[in-house]
Structure formats: C-alpha cells, structure tokens
Asks: 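I'd like to ask you about the structure that follows.
Excluded from the calculations below are hydrogen atoms, water molecules and symmetry mates; all remaining heavy atoms, backbone and side chain alike, are included. Each chain gets a letter, A, B and so on, in the order the sequences are listed, and its residues count up from 1.
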Protein chains: 4
Amino acid sequence: MTEEELMLQQLFDEDKLTDKQKKIIVAAIETFSEKGYAASSTSEIAKKAGVAEGTIFRHYKTKKDLLVSIVAPLMTKFIAPLVVKDFNKVLNREFETVEEFLRATIENRRDLLIRMLPVVKIMFQEIPFQPELREQFLELVVKNIFNSVEKVIIGYQEKGLLIEMPPESIARLTITNILGFLFSRYLLFPQLDWDDELEIERTIQFIMHGIGKKD
Amino acid sequence: MTEEELMLQQLFDEDKLTDKQKKIIVAAIETFSEKGYAASSTSEIAKKAGVAEGTIFRHYKTKKDLLVSIVAPLMTKFIAPLVVKDFNKVLNREFETVEEFLRATIENRRDLLIRMLPVVKIMFQEIPFQPELREQFLELVVKNIFNSVEKVIIGYQEKGLLIEMPPESIARLTITNILGFLFSRYLLFPQLDWDDELEIERTIQFIMHGIGKKD
Amino acid sequence: MTEEELMLQQLFDEDKLTDKQKKIIVAAIETFSEKGYAASSTSEIAKKAGVAEGTIFRHYKTKKDLLVSIVAPLMTKFIAPLVVKDFNKVLNREFETVEEFLRATIENRRDLLIRMLPVVKIMFQEIPFQPELREQFLELVVKNIFNSVEKVIIGYQEKGLLIEMPPESIARLTITNILGFLFSRYLLFPQLDWDDELEIERTIQFIMHGIGKKD
Amino acid sequence: MTEEELMLQQLFDEDKLTDKQKKIIVAAIETFSEKGYAASSTSEIAKKAGVAEGTIFRHYKTKKDLLVSIVAPLMTKFIAPLVVKDFNKVLNREFETVEEFLRATIENRRDLLIRMLPVVKIMFQEIPFQPELREQFLELVVKNIFNSVEKVIIGYQEKGLLIEMPPESIARLTITNILGFLFSRYLLFPQLDWDDELEIERTIQFIMHGIGKKD
DNA sequence: TATGAATGAGGGTTCATTCAT
DNA sequence: AATGAATGAACCCTCATTCAT
C-alpha cells in the first residue's frame, strides 16, 4: 500500500472505493495540488490515473464534483477529528500546560499533516473561488470545531493559563500561526532551508508569549 | 480619477501607460482576483476593459505576461516601500514601543492594504504555481525586505523591547499574523461579521504577548 | 396491463418478449418520440426502462437495431391491417358511400391512432434519414397497401362514387389529408385548441368535395 | 454565384454576412437537411464549409443558435412573402378562379420552393423538438399569414367560388395538401418516378373538388 | 440472462494567440 | 496602435458499445 493509499484510507475508509476510483482520486489530488484546480485537465488526471477519461465522469458527474469529493471529506473526516480528538485528552487534564498540548498536537500529527498538505493546499486554494466549499468549510470546520475549541480554551482560561481574550479570537490566532507556518514551509517556500523542529518550537513559543519581552 | 486608477498610479506611476493599458490592467486585476488566473479568460478581460482582444496581446505577449506585469511591480514598488518606509521612522525612534509601531503601521496603511487586496490575493494565489513569481518574490520581497526588518528588530531587541528570537523568525511570525488576519477577513470569509478595529487590536496584542498569561 | 402494454401487444403479440424487453421498447418509444432518435441516449432509455445499459445491447445489437425493431413491425403488423381490414368490409358493400367509410374508419380507430402516434411520429421522423426504414416502408406499406386500396377505389369508382383520377393519386391525397390533420393536431401544434370531431368532419368533407363550390 | 448563394441572398440579403458566414450557413443547411439536426456535428459542418470549427462558434453561440439562425429568417422573410405577395394580386382580381390562383402560385414559385426544400425540411423536422421554433412558427407564420389568407378566402367566398367552411380550416387543408405533395415528392420518396406537372394538376383539382363525384 | 464498470472516440464549446486590415 | 475575425488545440463531458462478473 502506497503512501497515498494510506492517506486515502484515512480520508475515505468508510466509502467503498473501487481500485480505479482510488487511482483517480490520487491522480486528481496530485494534479490539483501541483497546478491548481482550474489549470488541471481531466485528460491529464485520467492519464496519470491510468484510466480512460470517461471513467472519471462515471464516478464524478463533473470536474467540480471531483474537486468537492476530494475536499469535502477532508473537512468532515480529517480536520475535525484532528483537532477535537486531542482536545478531549486536554480536557481530561492530560496536559498541564497549553504549551505541552500544542507541542504534542503538532508533533504528534506532523507526518500526517505533511502528507495531507496537498489536499490542504487544494482546500485553501479553492475556498476563495468555490462558494460550495466555503459554505461547507464554515459549516463543518469553523462552526463545528470552534465549538470544541471554545471549551478547551475556556478550560485553560479558568486554570489561569490563558489570557482573557474571547475564545474565537484565540482560536483564530492559534490556527493562523500553525497554518501560516505550514504554508510558508511547504507551499510557498519549500525550497528554502528550514529547521523544522526549531521553527515549530518558535511558533509555539510565539503563540504563547508573543514577541514582547516580559519585564 | 477612480479608485482603481489611484491604485494604479501607486503601482505604475513611473511607466508611461496608455489609457487602454490602464483599463486592461484594471480589468485584469478585477478578473484574476475574482476567478483566479487560470479561470480568467483574456476575452472577458478585454470586454471588461472595453478593448479588442488583440489589443491585450499587443501590450502583453502572453496571458502570463499580463499576470507578471501586474504582480511584479507590486513586489518591487509597493510592498517593499510599504514596510521599509516606516521602518526608517522606527529606526529614527519615532515610536517608543513596538506595539505603537505595529498599530501605526497597520492603521496607517489599512485603507491602502484593503484597496490593494485584489492584487495581494492574486499574488499569493499564484506564487505556488508560477516559479517566476516565486523567485521574484523571494528575491525582491523576502531577501530585500527582511534585511531592513532585521535592523528594526535588532534595534528594538537592543532596547530590550523584543525577545531574543532570530529576526527572520520574528519577521515571519509577525507578517504571518498580519496577513493571516487580512486573508481571513477579506479573502476567505468576507461575508462574516467582523469588528475590524477590535480584531486588529487583538492581533497586535497577540503578536506582542501571545496567549499565555504572565504571572 | 398498462395502456402501453396493450399497444405493445397489438404490435408484438406474436413474438415472445421478456418482461425486460417490453419495458425497453416502451421506454424507447417514449424517448424516441419525445426527443427524436438521434437525440435519445441508450442510457436514458435504460434508466427509464429500469434495466441496465448492457441489457439493451443483449437484445438489440445496436441503437439503430432498437429503432428498426420498433418501427418495422408497425409497418407490417399495424398499418397494413389497419387499412386493409376495413377495406374488405367496404368491398363487401358495408358502406354505401365513401364518406361513411372514411368517417367510420377514422372514428373507429381514432383512439388507437392516437395511442400509436408516438410510434407513427418516430416512423415519419426517421424515414428521411434511415434508408433501411424507407425501403421497408415502400415495400411493406406503400406497395402492399396501395394494392389493396386500388381495389376499393376502383370499386367505388365503378359505383360512380369517385372521380376518375388514378387510384394511387387518390390514395396519396386521401392519406396525406388524414396524416396531415393528425400531424398538425398531435405533433406540430398539440397545444392549440382543437375541436377534434369538427376537424375530422371537415377533413372528410374536404376529401370528398374539395373547397370549390358546386353550382 | 452558386445556387446556394442565390438562395442565401433571398433569405439573408439584408444582413451583412461575411464570406465565411455564408459558407457556414450553406454547409449547415446541407448537413442538417441530410442527417437531421441532432445527428449533424459542428465539426462536419466546419469541414464542409472550409472553416475552423471555432469560427462557427464565433458567429453562432451554440449549435442550436445556428439552427435557429437558419430557420427563423425563413419564416419571417421567405414563407410569409411567398404567400402574401400573390394574395394581393388575387385581391386585385388578377385571377378569376381559385384554381388559376393556386396553379399560378405553385407553378410560379416551384423552383424556389424546390431550392428551399432543404430548409423547409429542417424546419418541419425540428419544430416538434424545438419549442423556440414552434413558438416562432406560430407567431410569425400561422398567425401572421393566416390573417392574410383569411381575406383572400373570404373574397372568394363572397364571389361564391369557395364553400362556406371557416377560412382557417380551408387554409390548413390547402396548405396541408401542397406541403403533403412536396414532402412526399422531395423528402419521403424522391427516388420514385414522378410526373410533377401532372401531380400538381391533380393536387389542385383535388383541393378544388375533392374526390367525390358531383351529380 | 443480466449487470454496470470501463472504454475511447467524438460531441459541443472555449480559449490564447495570430494577422490582415 | 488598435481591431476583431479566424484559428485549431485543448477543454469538459456524453455516448454507444464491450466484457468480466
């Protein structure tokens, strides 16, 4: 089983996908991610997947349908659990400090995040142009997850570990920084030299303490 | 003079642009920004600009040439000065604290940033797919600007106002948060209700102090 | 038994058709009639028939084969008997006048004609484009039937009830008027208000006496 | 100037058609008429017209647009004048009898009718499937022309030359017979031996006197 | 026998680009 | 300089037909 298929299993294990369907999805993710949705052609995807072009349209009514079929489950099945799962651990007092929690979460899932990056890239690239995706994202990710996050943040706030800023803002800022790092690192400038461990540590440090010196 | 033409003047005032060329650029920015580069057609741009299709190709050899002609000067003439200019003020001790500096910078240029957002959006949308733009961005923006930033940051660090983190990281994190806010606000979820003043204040607060409670 | 199946029985009662075959034919007639042969897709027919696409091609080698299988028996088993049958009655002096004969024939079979119209429509739509059908039509309908008609017409001519025009011409003109009414009524402008009884009466009157005033 | 171009001139002389546009229309008429609209491909039409396929879509937004652009002017510019023109002569008492009028009309325009037949064929083939055409036909031909016809018919009725049947019915029946002859002759069975003069004469005779013997 | 996934040729249409005017 | 008709490759998608199950 290739890496891609592993990722697919994470994304699509509930659905019964035929062999060809898996190949189409793998090829589509690769192509969309490399060239962007609009610049990808179904014929190229078909060739890369080793199927006839018509086969794509047997499974996905339109090219956009293919896009949505890739990105939508990511939102429902991947991103939500990714965050929520360990938040429960946090709520169960497994982590004494937010710092530890952030470090554990990021480190813990870094490989998966890296493997998922193509799809994440597609997702953020297309959200500005596809109202359908934007609405799904708001409904499934923003609303759904931010609810869970709120509890955790409030928990830490009550423990006196977080400032009193409203939970949504804290969530937005934290997520911004994590995604900001990942996008800079893997999408915008992958060819630069990065010391990943160090940058993650700095990101966490920044999230926790900002850049102002305590005195 | 329309708003767009004002923006154009900021971007292109040195070049002698014909009236039609200006219209083409305005139309291209609007279209690229709305639909993305690949999904925009030159015929649509021509129609929106009120010129013949051929006219576009008289001024810009290819569609990609049009894209680069829009984004490249942004990098050289807009973003660089935007940051550097006030950094010099900072170096001249005009601002006692980083906070004040950040606030002044953001507030000061907010309107312009908002008006520039279409082009900024295009820039970030296309950087992952256009190596030409990516290299330009690295060369002109990252290297060029980060050099200036370093001095400022070092200055504040020497004054004991910033932590000891390496200047590049501080720059990256700061920029990430500013752009992160602007992208969330204007590109990803413009339809949500935002209290801009408040969010900017929180972003600044976050940049300076993180989310961890000092005690 | 539905109306369609009744019609099918009239058309195909000798052949042993499976249940699925009947459903395919009903669906094909409906689709061909609504959209025309070329604009109908086998997949739509399959869906409407509730069978798999492959099933159609198990029974009919090609799409055209399906068309011919529908229209051909119509010519041999329906139209020919339709006319000939009562012509025998006429020959047996059941009708004193041609008028009565025409009226009886049309009225008598009007419901059936209406129910058959989808297939008749297909037949006339496709005859110009399918040489196979055209030849069959000439062989089975024109030659075969016109022979019978000739006898009837000659019979009435001998009785002094018809003018001396050659039987083929009389046949052509009569049929033209009946079909012309039916086509105007049911195919070209079904949405107009028609007083069927009245129009039939006028058609008969016209066939018999033209529009010139006797003096 | 070829025959087709002559016909085109009759149909489209008011519009300024480029050379390529004329070729496209000629090719489209030929192809639609031979194979039917749905079975004709734009690539075939382009090849036959000697233009690039894209050129078709520069002038006609869609394939259906091409169809309508061919058939619509036929209705407005050809069929209407065809009938109305001589009806005025009739009203001016140029013809003593309806028979003479019919003969003059048919003979007079037979060549043109024959040359127009491909377009007439397309028109009647597609009216059942294209609501757009059907409505146009009703609006432009049926309503428009039948108004004129009514006057003529009433004129002859007042002169005692026509029976008292309602003008619309007389019109429908007359037109049915003329088109019925033309369709049988040129569309359905062009390969049969026809004595055109004789058949026209018989059609006229039939229209005037029916098939019933006066006595 | 019946299925429906798979095919790949061909469908209508769009597009960036060219070039004569 | 500016036009816009013309191009033809490429696009997304549909289709009749095949074949392993």
Asks: What is the distance, to the nearest angstrom, from the CD atom on A:Glu53 to the C1' atom on E:dG11?
Replies: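 To the nearest whole Å, that distance equals 12 Å.
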
Asks: Give the rounded distance in Å between these two atoms: NE2 of D:His59 and C1' of E:dT13.
Replies: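 Taking atom C1' of E:dT13 as the reference, NE2 of D:His59 is at 15 Å.
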
Asks: On DNA chain E, does the nearest nucleotide to D:Lys64 precede the nearest nucleotide to C:Thr55 from the 5' side, or the other way round? Give the residue.
Replies: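 Looking at DNA chain E, the more 5' nearest nucleotide goes with C:Thr55.
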
Asks: Would you name the heavy atoms of D:Ile24 and D:Ile45 that are closest together and state the gap between them?
Replies: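 Distance-wise, the nearest heavy atoms are O-CG2, 4.1 Å.
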
Asks: Report, as yes or no, whether the 6.0 Å neighbourhood of atom CD on A:Glu34 holds more than 12 heavy atoms from other residues, nucleotides or ligands.
Replies: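 Enclosed: over 12 neighbouring heavy atoms sit under 6.0 Å from CD of A:Glu34.
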
Asks: CG of C:Asp19 versus C1' of E:dA2: gap in Å, rounded?
Replies: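 Atom CG in C:Asp19 sits about 13 Å away from atom C1' in E:dA2.
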
Asks: Let me have DNA chain F in dot-bracket notation, would you? Count Watson-Crick plus G-U wobble pairs, both distances under 3.5 Å, and use [ ] for pairs crossing earlier ones and | for inter-strand partners.
Replies: .||||||||||||||||||||

Asks: Kindly check if the number of other-residue, nucleotide or ligand heavy atoms within 6.0 Å of NZ (B:Lys35) is above 12?
Replies: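 Counting other residues, nucleotides and ligands, NZ of B:Lys35 stays at 12 neighbours or fewer.
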
Asks: Taking all non-hydrogen atoms of both residues, which atom of A:Gln136 and which atom of A:Ala72 are closest, and how far apart?
Replies: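 Between these two residues, the closest heavy atoms are OE1-CB, 3.1 Å.
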
Asks: Which heavy atom of A:Val68 sits nearest a heavy atom of A:Leu133, and at what distance?
Replies: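 Looks like CG2-CD2, 4.2 Å.
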
Asks: Would you mind classifying the nucleic acid contact of B:Thr18 as base, sugar-phosphate or nothing, using non-hydrogen atoms under 4.0 angstrom?
Replies: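 Counting heavy atoms under 4.0 Å across all strands, no contact is made by B:Thr18.
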
Asks: For C:Ser41 and for D:Ala52, locate the closest nucleotide of DNA chain F by heavy-atom distance; then report the residue assigned to the nucleotide nearer the 5' terminus.
Replies: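 Mapping each residue to its closest nucleotide by heavy atoms, the 5'-most match is D:Ala52.
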
Asks: What is the distance, rounded to the nearest whole Å, between atom OH of D:Tyr37 and atom P of E:dG11?
Replies: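 From D:Tyr37 OH to E:dG11 P: 14 Å.
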
Asks: Minimum heavy-atom separation for A:Ile127 to A:Arg134, with atom names?
Replies: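 Looking at all heavy atoms of both residues, the closest pair is O-NH1, 3.3 Å.
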
Asks: If you find the nucleotide of DNA chain E closest to D:Gly54 and the one closest to C:Gly50, which residue's nucleotide is nearer the 5' end?
Replies: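 Closest to the 5' end, via its nearest nucleotide, is C:Gly50.
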
Asks: Rounding to a whole Å, what distance do you find between B:Lys47:NZ and E:dT14:P?
Replies: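 Taking NZ of B:Lys47 and P of E:dT14, I get 10 Å after rounding.
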
Asks: Tabulate below the donor-acceptor pairs under 3.5 Å that side-chain atoms of residues 36-43 of chain D make, not counting sequence neighbours, or state none.
Replies:
unit_1  : atom_1 : unit_2  : atom_2 : d
D:Tyr37 : OH     : D:Lys64 : N      : 3.1
D:Ser40 : OG     : D:Thr31 : O      : 3.2
D:Ser40 : OG     : D:Gly36 : O      : 2.7
D:Ser41 : OG     : D:Ser43 : OG     : 3.3
D:Ser41 : OG     : D:Glu44 : N      : 3.1
D:Thr42 : OG1    : D:Glu53 : OE2    : 2.8

Asks: Atom NZ of C:Lys20 to atom P of E:dT3: distance rounded to whole Å?
Replies: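 After rounding, the gap between these two atoms is 4 Å.
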
Asks: Show the nearest heavy-atom pair for residues A:Tyr60 and A:Asp65, with the distance to one decimal.
Replies: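 Result for this residue pair: CA-OD2, 3.6 Å.
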
Asks: Does anyone know the first and last nucleotide of DNA chain F in reach of chain A, 5' to 3', at under 4.0 angstrom to a heavy atom?
Replies: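 Nucleotide range with atoms under 4.0 Å of chain A: F:dC11 to F:dT14.
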
Asks: Measure from CG on D:Asp65 to C1' on E:dT13 and round the result to the nearest Å.
Replies: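 Going from CG in D:Asp65 over to C1' in E:dT13 covers 13 Å.
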
Asks: B:Phe32 CZ to E:dA16 C1': how many Å, rounded?
Replies: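 Distance check: B:Phe32 CZ to E:dA16 C1' gives 12 Å.
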
Asks: Minimum heavy-atom separation for D:Ser33 and C:Phe129, please, with both atom names.
Replies: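 Looks like O-CE2, 3.6 Å.
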
